2 protein chains.
Amino acid sequence: MRLSTKGRYAVTAMLDLALHGDSGPMTLSDISANQGISLSYLEQLFAALRVKKLVRGVRGPGGGYYLAKPTKEISIAEVVCAVDEWVEFTRCGGKEDCQDGQRCLTHSLWNDLSSQIYEFLDKISLADLVARGVKIEAEAENEDQTKITQNPESVAAA
Amino acid sequence: MRLSTKGRYAVTAMLDLALHGDSGPMTLSDISANQGISLSYLEQLFAALRVKKLVRGVRGPGGGYYLAKPTKEISIAEVVCAVDEWVEFTRCGGKEDCQDGQRCLTHSLWNDLSSQIYEFLDKISLADLVARGVKIEAEAENEDQTKITQNPESVAAA
DNA sequence: CTTTTTCCAAGCGCGATACTTGGTTATTTC
DNA sequence: GAAATAACCAAGTATCGCGCTTGGAAAAAG
């Protein structure tokens, strides 16, 4: 999956929506002001998010955007994939049967990494981020020790 | 860290070198023919790899490139970072103190993911890939079940 | 009808990618 | 020493995605 600032923008904007909570829809102008992202760029991002049914827009004065699902049901991976469309990490895209040997090796390496990244982001919901924010605010500032267990042999192992 | 085809090219080329083994230096022309990468693009990649002391070039007829270290001591992360130079995932780059709240949340999220990816690739050496290739060749074709244990709470946890 | 907001389309400047062209060194072979 | 080989080096080019701009349209509220 591709990882660029585009996906980050989308996540930040969605998080803004999530934090805004249930007090009516939120306008893109507000998010633009909050996050320093241009309005029309946000429009493009939200167009993609809308297609993927992650947000719901209402027009007219007092309108804006809602989250289409509860924060718990929206994963970061969903958000990123909506705007930063998935591009194959591998060159031959699977169809061109990779001439055995080196290409196939790196092929599976990138596939592993790719699904690795996806799983990482898929297990984190907007609700998780919100909860984390509440905790950070409450606990002043102490460095968190985010560690993820990982077995390196898994790749070398057939 | 950035992940693009550039890094994949570098890894594939290095793997080609690794598989070529100790039978003298390998020319970029050979790699170019093997991998379908243009010669001068390879030259640029290898210029970067040479600066990072991952390969050693010898000129003249019969010349080419050696790996500068044993395959076991070259991690995929090293190779990728050599050509695909590290770009900050976060916007403010750390110096601009992120105005507390949303940005800080996604900030640490991307940092976690970034180091996550780096660690994943750093724990895999060229030797691992070579070994994996030998196994794949030996065992005909049965799908591997590469799984990496991961605790999703680590991100939400403060 | 005017205002607000989402929706929509086209284009632009920039930077990176993958590649080309056209060289220059250094080293070996004849 | 001349020719061939192959690493080195510099500059430029086409293309593509990003982040943003411009200029609108349609829907909803006052």
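Given the structure is predicted, the values throughout are model-derived calculations rather than measurements. In the text below, chain A, chain B and the rest are named by the order of the sequence lines, each starting its count at 1.
The CE atom of A:Met26 sits 11 Å away from the P atom of C:dT6 (whole-angstrom rounding). Between A:Tyr65 atom OH and D:dA28 atom P the separation is 14 Å, expressed in whole Å. Distance CG (A:Leu28) to P (D:dC20): 14 Å, rounded to an integer number of Å. Rounded to whole Å, the distance from CG on A:Leu42 to P on C:dT5 is 14 Å.
Residue A:Arg56 places none of its side-chain N or O atoms closer than 4.0 Å to OP1 or OP2 of C:dC7. Under 4.0 angstrom from either OP1 or OP2 of C:dT5 there lies no side-chain N or O belonging to A:Tyr66.
For A:Arg59, the listed nucleotide lying nearest its side chain is C:dT6; candidates were C:dT6, C:dA26, D:dC20. Of the candidates C:dT20, D:dT21, D:dA7, C:dT20 carries the atom nearest the B:Ser40 side chain, counting heavy atoms from C-beta on. Among D:dC18, D:dA7, C:dT3, the nucleotide with an atom closest to any side-chain atom of A:Lys6 is D:dC18. For A:Thr27, counting side-chain heavy atoms from C-beta on, the closest listed nucleotide (C:dC7, C:dT5, D:dA7) is C:dT5. The side chain of B:Ser38 approaches C:dT20 more closely than any other nucleotide in the set C:dT20, C:dC7, D:dC8. The side chain of A:Glu43 has C:dC8 as its nearest neighbour among D:dC8, C:dC8, D:dA29. For B:Tyr9, taking side-chain heavy atoms from C-beta onward, the closest of the listed nucleotides D:dC20, C:dT6, C:dC19 is C:dC19. Residue A:Asp84 places its side chain closer to D:dC18 than to any other of C:dC8, C:dT4, D:dC18. Each of C:dT6, C:dC7, D:dA29 was ranked by its minimum atom distance to the side chain of A:Arg50; first place goes to C:dC7. Comparing C:dT6, C:dT17, D:dC20 by their nearest atom to the side chain of A:Tyr41 picks out D:dC20.
Between A:Gly62 and A:Leu39, the residue anchored nearer the 5' end of DNA chain D, judged by the nucleotide with its closest heavy atom, is A:Leu39. Annotation: of the two residues near DNA chain D, B:Gly63 and A:Gly7, the 5′-most nearest-nucleotide partner is B:Gly63. For the pair B:Gly60 and A:Ser29, nearest-nucleotide mapping onto DNA chain C gives the more 5' position to A:Ser29.
Put simply, the side chain of A:Gln44 and the base of D:dC20 share a donor and an acceptor less than 3.5 Å apart.
The shortest heavy-atom contact between B:Ser75 and B:Asp122 is OG-OD1, 2.9 Å. Here the shortest heavy-atom pairing between A:Pro25 and A:His20 reads O-NE2, 4.0 Å.
Between A:Leu17 and A:Phe46 there is a side-chain heavy-atom pair separated by less than 4.5 Å. Using a 4.5 Å cut-off on side-chain heavy atoms (C-beta onward), A:Leu121 and A:Val11 make no contact. At least one side-chain heavy atom of A:Leu28 sits less than 4.5 Å from a side-chain heavy atom of A:Ile31.
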Working for side chain to side chain contact (heavy atoms under 4.5 Å, CB included), residues A:Met14 and A:Val83: CA-CA 12 Å; A:Met14 288 291 279; A:Val83 298; over 6 Å; no
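Residue contacts for B:Phe46: at a heavy-atom cut-off of 4.0 Å it reaches no nucleic acid atom on any strand shown.
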